[in-house]
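Working notes, beginning with the structure itself.
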Amino acid sequence: MGAHIEAEDAGDDGAGRAARRDEAVRAAVEQGLLGPGSPIVGLLDVTGIRESAAELRAAFAAVVAPGTPVLHAFAVKATPLVPVLRLLREEGVGAEVASPGELALARAAGMPVETTVLDSPAKTPAELREALSLGIAVNADNPQELDRIDTLMRSGAGRSPLGIRVNPQVGGGSIEALSTATATSKFGVALRDEGAREWVVQAYLDRPWLTRLHAHTGSQGIPLSLLARGVAETYALAEEINRRAGRRQVDTLDIGGGLPVNFASDATTPTYAQYARMLAREVPGLFDGRYGLVTEFGRSLLAKHGTVVARVEYAKTSGGRAVAVTHAGVQVAARTVYAPGSWPLRIAAYDEKGRPKEGPVVVQDVAGPACFAGDLLAEGRSMPLLEQGDYAAALDTGAYYFAHHYGYNSLVRPGVYGFGPGGRFAVVRRAQTVEEVVAESGGAEVDALTRAGWGVP
Ligand SMILES: *Cc1c(COP(=O)(O)O)cnc(C)c1O
C-alpha cells in the first residue's frame with residue numbers, strides 16, 4: 001500500500017512528452033514550418049495540455065467531498081492564446097483574467113461567464129461595471145475598489161459572485177518578483193497589518209453579497225509548504241467571517257495558483273495530486289463540502305507543453321568559447337535573458353534534419369538575435385556542439401515565454417503551432433509579418449511629427 005502510494009507520488013517522468021517533442025521538431029523541419037526562411041517557431045503539445053488538464057481535475061476530484069463545486073480557472077496571463085483557452089474550455093477549465101485584453105481573449109475563446117474570474121489589481125470603474133453586468137466573478141483587491149463595487153451594487157448592477165483578495169503575508173519564495181504574499185506585496189488586503197483583519201471581517205458583515213474569499217500566495221519559487229500556509233490562513237479567515245456572521249456567508253474559497261514547475265528535467269514535479277493531498281492534510285475542513293473551490297493555476301498547466309525551436313544561423317568561437325547564434329533570444333525569453341539565475345531553461349540540440357543531436361559535449365553559449373551582449377538563452381552550457389543549420393530548442397516554454405513577445409529590435413512574433421499525433425500541426429498564432437511591425441510602429445502616422453502645423457488643432 002505504502003509503496004503503491006509512493007509510486008503514484010513519483011508522478012510523470014515526462015518520457016512520453018519528450019518523445020512527442022522530438023517527433024514534433026523532426027516533423028516541423030520535414031514540413032518546412034522550420035527552416036532557413038522560417039527560423040523560429042513555438043510548438044505546443046496538445047496531447048500534453050489535455051493530460052495536464054485531466055490531472056488537475058482528477059487531483060481535486062480525489063480529495064473533495066462528492067458534489068463540491070470546483071472551478072479550475074486557468075490564469076490567462078500564462079499563455080494568452082485564444083485556441084489554447086478554447087482547448088482548456090473543452091477540457092472543463094475556465095479562465096482567470098486580469099485585464100480588459102485577457103477578458104477579451106477569454107470571451108473570444110467562448111469562455112462562459114460562469115467560469116471566468118476577474119482579479120486585476122488596477123480595475124477601472126468601466127471594467128468593474130462590465131464584469132458585474134456580465135456576471136463575471138470579481139475579487140476586490142483593496143478598500144477603494146470595494147467602494148466602487150458598492151456604488152455599482154447600489155445601482156443594482158450586479159449578479160456576479162464577489163469576494164475580497166487578501167494577502168496572508170506568509171512570506172516570499174526564491175524569486176522576489178513573483179512573491180505575492182510578502183509583508184509589503186502590492187496585492188490584496190494585507191491581513192496582518194494593524195486593523196486589517198477586523199476591517200475585512202466587518203466588510204463582509206456589512207455586505208451580505210460578499211460570498212467569496214481569495215488569496216494567491218505566489219508563483220514560481222514558492223515552496224509548497226508556504227502555498228499551503230497561505231491557503232490555511234485564508235480558510236481560517238473564512239471560518240471566522242462565517243462564525244461572526246452566524247451563517248455560511250463565504251461559500252467559495254479561491255485558492256489562487258502558483259504550483260511551481262520543474263525546469264530541470266522532463267519530470268512533472270510536484271504534481272497536482274501531491275499538492276491537493278497536501279492541502280487535504282494541512283487544511284482539514286477545506287474539502288469537506290462546506291466550501292466551493294476556485295483554483296487559478298497558470299504555469300503548471302502549460303509550461304511543460306511548449307517548446308521554442310530556433311535555427312542556428314551562425315556558429316562561431318569567441319575568446320575560445322563556442323557560441324551558437326540562434327533566432328531565439330530576449331524576444332521570446334525575456335525573463336531568462338534578463339534574470340538567468342532565476343529562470344534557467346534547458347536547451348536541447350537538434351541537427352539540420354530536426355533529429356536529436358548526439359556527439360561529444362562542448363561548453364558553449366546559446367545566443368539570441370538581439371543587439372545586446374546579454375542576449376543569451378544559455379551561457380557556458382555543456383551540450384552537443386551546435387553547428388550552422390542545427391536547431392536549438394528551449395524547453396518548458398509553454399507558459400510566460402513565447403506567448404509573451406517582447407518587441408526588442410522589432411523582431412517579429414514567431415508563429416505558434418499546436419502538434420498532435422502523426423506529425424499533425426495546427427496554426428495557433430500566425431507569425432507576425434514585417435508589414436505588421438511597421439503598422440504597429442506608427443506606420444500610418446509617418447508625417448505625425450513633421451507635418452506643417454502639427455500638434456495645432
Ligand atoms: C499569475 C496569477 C496566477 C497564476 O500563477 P501561476 O504561477 O502561473 O500558477 C493565479 N492567480 C493570480 C491572481 C495571478 O496573478
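Atoms within a ligand are numbered from 1 in the order they appear, just like the ligands themselves. Note that the structure is a prediction, hence the values are computed from the model and not measured. The figures here come from the full heavy-atom set of this structure, side chains too, leaving out hydrogens, waters and symmetry mates.
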TODO: Would you check if Glu379 and Gln364 make a side-chain contact, meaning some heavy-atom pair closer than 4.5 Å?
DONE: no
Task: Where ligand 1 meets Ala75 - atom numbers and elements under 4.0 angstrom, heavy-atom basis - done: 3 (C), 4 (C)
Open item on the list: Regarding ligand 1, does Ser219 bring an N or O atom to under 3.5 Å of one of the ligand's N or O atoms?
Closed with: yes
Task: Where ligand 1 meets Arg299 - atom numbers and elements under 4.0 angstrom, heavy-atom basis - done: 6 (P), 7 (O), 8 (O), 9 (O)
Open item on the list: Using a 3.5 Å cut-off on N or O atoms only, is Gly218 in polar contact with ligand 1?
Closed with: no
Open item on the list: For the aromatic rings, using the six-membered ring if either is Trp, is the centroid distance between His72 and Phe297 under 6.0 Å?
Closed with: no
Open item on the list: Below 3.5 Å, N or O to N or O, backbone or side chain included: is there any such pair between Ser300 and ligand 1?
Closed with: no
Task: Flag, side chain of Thr116 to backbone of Ala95, donor-acceptor distance under 3.5 Å - done: no
TODO: Measure from the side-chain N and O atoms of His405 to the backbone N and O of Leu411, and report whether any donor-acceptor pair falls under 3.5 Å.
DONE: yes
- [ ] Would you kindly specify which portion of His216 sits under 4.0 Å from ligand 1, judged on non-hydrogen atoms: side chain, backbone, both or neither?
- [x] side chain
Open item on the list: Does ligand 1 come near enough to Gly298 that some N or O of the ligand is less than 3.5 Å from an N or O of the residue?
Closed with: yes
Task: Close N or O approach (Gln220, ligand 1; < 3.5 Å) - done: no
Open item on the list: Between Asp396 and Arg346, does any side-chain N to carboxylate O distance fall below 4.0 Å?
Closed with: yes
TODO: Would you indicate whether the side-chain heavy atoms of Leu44 and Phe419 approach each other to under 4.5 Å?
DONE: no
Open item on the list: Quick test of your reading of the structure: of Phe74, Phe297, Phe187, Tyr400, whose heavy atom lies closest to atom 8 (O) of ligand 1?
Closed with: Tyr400
TODO: Taking only heavy atoms of Arg165 into account, list the atoms of ligand 1 that are under 4.0 Å away from them.
DONE: 13 (C)
- [ ] Decide whether an N or O pair under 3.5 Å exists between Asp119 and ligand 1.
- [x] no
Task: Within-4.5 Å side-chain heavy-atom neighbours: Pro121 and Phe187 - done: yes
Open item on the list: Quick check on Gly258 - does any of its heavy atoms sit under 4.0 Å from an atom of ligand 1?
Closed with: yes
Open item on the list: Give me the residue, atom name and distance of the protein heavy atom closest to atom 11 (N) of ligand 1.
Closed with: Glu296 OE1, 2.7 Å
Task: Between CG on residue Leu34 and CG on residue Leu43, distance to nearest 0.5 Å - done: 6.5 Å
- [ ] Give a yes or no answer on whether the side chain of Asn409 reaches the backbone of Cys371 with a donor-acceptor pair at less than 3.5 Å.
- [x] yes
TODO: Would you mind checking which non-hydrogen protein atom is closest to atom 14 (C) of ligand 1, with the distance to 0.1 Å?
DONE: Lys77 NZ, 2.9 Å
